[in-house]
Amino acid sequence: MESLSPTEWHSVSWFRFTGTPFFHSIVARAQAADSDICVLADAEIVLLPETVTLLKHFSKSDLDWFVFSVSRNISAFPYHLADNEKQWVDADISEVSFNKLQEIQSDKWAADGSDRGLIVAWNNPSTPLTAGVMPSFLNGRGAHNWWLIHEVISSEMRLVFDASNLVLGLYPENFIKMSTNSNASYPDGSWEYDVNRHLAAVYGSYCYGLPRRNSPMLYKVVKQFEGYLLSKFEELNLSDSVINKEQNAHADGCSLCKMENNHSAAVSLPHSLEMLLQLAADMNRSVVLAVAGASYRDMLMSWVCRLRHLRITNFVVCALDQETYEFSVLQGLPVFKDQLSPMNVSFDDCHFGTQCFQQVTKVKSRIVLKILRLGYNVLLSDVDVYWFHNPMPFLHSLGPATFAAQSDEFNMTGPINLPRRLNSGFYYARSDNATITAMEMIVKHATNSGLSEQPSFYDILCGKDGANRIGDDTCLEPNTNLTIVFLSRDMFPNGAYSGLWEKKHDVQSACREIGCFIIHNNWVNGRRKKLQRQMASGLWDYDPSSRLCVQNWSDAKRFSVQNDDPVSYD
């Protein structure tokens with residue numbers, strides 16, 4: 001039997017930037033378990049022996065089934081865990097038997113419409129629970145348990161058993177208070193609950209009526225002597241089932257549905273850019289910035305997933321449009337919307353050389369300058385840059401008054417700092433006077449230019465026709481004494497260097513041999529070709545069908561393999 005504790009969630013689950021785990025990630029982990037039965041329960045619930053007895057009973061069935069039950073409230077739980085955290089003990093440190101736990105009196109269901117206190121279990125994890133997609137609910141923020149039960153019943157893919165007449169678990173009020181205090185920043189009315197209510201309303205059939213009457217899949221479980229009696233719900237009324245035990249849950253669901261069906265209600269974060277930077281920045285006040293619009297949202301998510309696999313959390317996302325902003329909020333990203341971004345960004349025609357590309361790139365330098373002025377260092381990374389390792393320690397080690405950028409030179413030999421060979425899709429800028437002044441000049445130059453921002457970077461930093469070049473890989477901006485370092489193409493290759501992308505399935509091996517930190521998926525024309533090339537190479541980390549990062553759950557080492565340097569770079 002597979003059950004997940006909160007500690008295990010932290011090692012296997014996908015998290016919102018605030019630290020709240022995603023419910024669909026927890027379910028996906030359970031579905032991938034090498035187990036016959038999976039159980040999910042709130043951390044505050046004390047599971048009783050009846051739970052094991054019931055699941056042993058159901059384990060004899062070859063059919064796919066799903067069991068749910070509401071725990072019972074008790075004012076206080078009189079026992080505590082022993083030091084080994086394996087047994088319950090009383091005040092005298094005497095071990096408490098399972099039978100004694102089962103004797104604790106309780107008669108009130110814990111469910112009060114808040115989604116708390118539910119226990120769910122199912123067999124055959126490799127078989128789907130529902131017919132549709134599970135949205136990115138935030139665990140413990142309401143709605144997701146009711147939604148899941150409703151969708152399992154509606155999908156009619158499993159026998160469903162309501163075991164709430166049995167006492168499977170206790171929900172001590174003193175445990176609840178401790179949990180509430182630990183989550184004081186996120187009360188029931190907070191934006192995280194709003195996100196879950198929004199998702200419950202727009203995904204599945206939760207807001208479009210009850211499962212069909214006389215459902216052949218739903219049964220009630222009652223205790224009978226030493227066994228159990230199963231009885232069908234003659235007429236499916238969820239007020240008779242667990243979904244409305246306290247007569248509040250589905251009523252609350254209906255109200256949220258009415259609210260969310262008003263299309264004027266849009267999901268949003270209560271965080272300004274300044275607040276996001278405070279949350280995201282590392283101890284050196286450095287952040288990674290990505291800028292993306294609707295046409296690149298799947299590539300954005302693959303980029304985010306890769307950073308998450310590398311344990312890199314100090315990133316923020318600038319959304320170019322409302323669609324990308326709302327999508328990013330629901331995907332748990334630290335996102336803000338640039339109010340001055342160009343409107344009507346083309347979905348398929350916004351690649352290098354297009355007018356759309358010219359407009360979008362100018363947003364990036366303007367946002368970078370804004371963040372630098374707020375006192376944060378910025379690593380600007382296009383979302384078509386694939387990260388093998390965390391480059392931040394190396395880039396930060398180059399020191400102050402240094403601007404490090406990728407070279408777009410394609411020739412294998414010769415200088416890499418030739419005119420127009422500075423790639424503005426990957427660079428590291430420190431928040432110091434020299435860099436801020438240089439960025440101000442770049443933004444001003446780009447604003448008055450009919451080209452993209454990229455030529456402005458080179459002409460300001462390296463001078464017209466490379467007048468400020470020093471050697472083969474450096475420039476010195478004379479007004480600020482800012483040193484511009486063109487990064488080694490072995491470590492930071494562009495899309496045309498050494499034919500790396502032409503190796504298709506061997507891109508990763510080829511990059512490992514030469515010591516790549518990243519590889520840029522540029523020097524290819526068009527969004528579709530970028531996607532095809534990156535997916536064909538295996539450098540893709542997001543599954544849009546499940547809204548989850550691609551993860552080999554069976555490989556526990558996956559979470560510790562990428563052990564890059566500590567966050568402190570100095």
| message | Is there a side chain to side chain contact (heavy atoms under 4.5 Å, CB included) between Q454 and L422? Walk through the geometry before answering. | response | CA-CA 7 Å; Q454 194 150 290; L422 188 152; 5.7 Å; no
| said: Other residues, nucleotides and ligands only: do more than 12 of their heavy atoms fall within 6.0 Å of CG on N433? | reply: no
| field | Side-chain H-bond candidate by donor/acceptor type, Q322 with E326, under 3.5 Å | value | yes
| query | Is any side-chain heavy atom of T447 less than 4.5 Å from a side-chain heavy atom of K362? | reply | no
| Could you go step by step and tell me if C549 and C305 meet the disulfide (SG to SG under 2.5 Å) rule? | CA-CA 5 Å; C549 296; C305 287; 2.1 Å; yes
| said: Using side chain to side chain contact (heavy atoms under 4.5 Å, CB included), reason through L330 and R547 one step at a time and then give a plain yes or no. | reply: CA-CA 10 Å; L330 297 178; R547 313 292 197 275; over 6 Å; no
| What residue among Y203, F23, F22 forms ring pair (Phe, Tyr, Trp, His ring centres under 6.0 Å) with H144? | F23
| query | Please walk me through it: do S365 and F457 pass side chain to side chain contact (heavy atoms under 4.5 Å, CB included)? | reply | CA-CA 9 Å; S365 53; F457 270 85; 4.0 Å; yes
| task | Go through the steps for R420 and D459 under the test side chain to side chain contact (heavy atoms under 4.5 Å, CB included), then give the verdict. | result | CA-CA 8 Å; R420 303 295 171 86; D459 289 352; 3.2 Å; yes
| Side-chain donor-acceptor contact under 3.5 Å, S286 with Y428 | yes
| message | Testing the 3.5 Å rule here: is there a donor-acceptor pair between the side chains of T324 and D321? | response | yes
| How about D408 and W523: does a side-chain donor come under 3.5 Å of a side-chain acceptor? | yes
| Shortest non-hydrogen contact from P334 toward F315 | CG-O, 3.0 Å
| field | N521 CG to R533 CZ distance, which is reported to the nearest 0.5 Å | value | 4.5 Å
| Going by an N to O cut-off under 4.0 Å, is there a salt bridge joining R141 and D194? | no
| query | Would you call V27 and F137 a side-chain contact if the rule is heavy atoms closer than 4.5 Å? | reply | no
Distance-only criterion, 3.5 Å: show the donor-acceptor pairs between side-chain atoms of residues 464-476 and protein atoms not counting sequence neighbours.
| from | atom 1 | to | atom 2 | distance (Å) |
| --- | --- | --- | --- | --- |
| R469 | NE | N417 | OD1 | 3.1 |
| R469 | NH2 | N417 | OD1 | 3.3 |

| message | Would you compute the distance between atom CG of N494 and atom CD of E409 and round it to the nearest 0.5 angstrom? | response | 8.0 Å
